[in-house]
Amino acid sequence: QVQLVESGGGLVQPGGSLRLSCAASGFTFSNSVMRWYRQAPGKERDLVATISPGGSTNYVDSVKGRFTASRDNARNTVYLQMSSLKPEDTAVYYCNVRKFAGNYWGQGTQVTVSS
């Protein structure tokens, strides 16, 4: 079955950096589009970044120039490098894949940006 396991969240000061990881299994990772979403308290879950099987990326405007998505197809892992973090980046971050007519999510990892 499809499994996505995020890690790497934590508490960081404004201006700091974190790298999130998402380990995937149960599907052919190398030919799958992977997505990162985030959900802040009381808000909807929003798309943050998309990465194609070949590594092409797209980002929501609010994170452009600060976040970088990447992937290691040999390790079935997708990453989100986050820099210049702001308090408004505080959210639970989720990894996502759409496969087999389904929409799959990890358990999420909390990112808190606060001084």
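This is a predicted model, so every value here is computed, not measured. Side-chain atoms are counted along with the backbone in the values below, which use heavy atoms only and exclude waters and symmetry mates.
Connection of Ile51 to Tyr59 is established within a shared hydrophobic cluster, with ILVMFWY side chains joined at heavy-atom distances below 4.5 Å, either directly or through further cluster members. Taken together through direct or relayed side-chain contacts under 4.5 Å among Ile, Leu, Val, Met, Phe, Trp and Tyr, Met82 and Val92 form parts of separate hydrophobic clusters.
The side-chain contact (heavy atoms from CB on, under 4.5 Å) search around Ser52 returns Ser56, not counting sequence neighbours. In this view, Arg75 and Asp72 satisfy the side-chain hydrogen bond (donor to acceptor under 3.5 Å, both in side chains) rule, not counting sequence neighbours. Scored by the side-chain hydrogen bond (donor to acceptor under 3.5 Å, both in side chains) test, Gln110 finds Thr112 as partners (sequence neighbours excluded).
Rounded to the nearest 0.5 Å, atoms CG (Asn73) and CE (Met34) are 10.0 Å apart. Here CG of Leu80 is found 13.5 Å from CZ of Arg71. Values are rounded to the nearest 0.5 Å. Atoms CD and CG, on Gln107 and Leu4 in that order, are 9.0 Å from each other to the nearest 0.5 Å.
Applying the disulfide bond (SG atoms under 2.5 Å apart) rule to pairs touching residues 29-69 yields nothing, sequence neighbours excluded. Applying the disulfide bond (SG atoms under 2.5 Å apart) rule to pairs touching residues 44-92 yields nothing, sequence neighbours excluded. Annotation: salt bridge (Lys or Arg N to Asp or Glu O under 4.0 Å) contacts involving residues 35-57, sequence neighbours excluded, comprise Arg38-Asp89. The salt bridge (Lys or Arg N to Asp or Glu O under 4.0 Å) analysis of residues 48-64, with sequence neighbours excluded, yields the pairs Asp61-Lys64. Within the structure, the ring-ring contact (aromatic ring centres under 6.0 Å, His included) test picks out no pair touching residues 72-95 (sequence neighbours left out). Among residue pairs with one or both ends in residues 106-115, none qualify as salt bridge (Lys or Arg N to Asp or Glu O under 4.0 Å); sequence neighbours excluded. Applying the disulfide bond (SG atoms under 2.5 Å apart) test to pairs two or more places apart or on separate chains, none has a residue in residues 47-91.
For the pair Val60/Phe67, no side-chain contact is recorded, criterion being any heavy-atom separation below 4.5 Å from C-beta on. The shortest distance between side-chain heavy atoms of Cys95 and Trp105 does not fall below 4.5 Å.
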Residues 96-103, side-chain donor-acceptor partners within the protein, below 3.5 Å, at least two apart:
from: Asn96; atom 1: ND2; to: Asn103; atom 2: OD1; distance (Å): 2.8
from: Asn96; atom 1: ND2; to: Tyr104; atom 2: O; distance (Å): 3.1
from: Arg98; atom 1: NH2; to: Tyr37; atom 2: OH; distance (Å): 2.8
from: Lys99; atom 1: NZ; to: Ser32; atom 2: OG; distance (Å): 3.1

Only distances under 3.5 Å count here; give the side-chain donor-acceptor pairs of residues 11-26 to other protein atoms, sequence neighbours excluded, each with its distance to 0.1 Å.
none

Start with the C-alpha gap between Thr50 and Trp36, add the side-chain angles, then the distance that decides, and say whether side-chain contact (heavy atoms from CB on, under 4.5 Å) holds. CA-CA 6 Å; Thr50 302; Trp36 285 100; over 6 Å; no
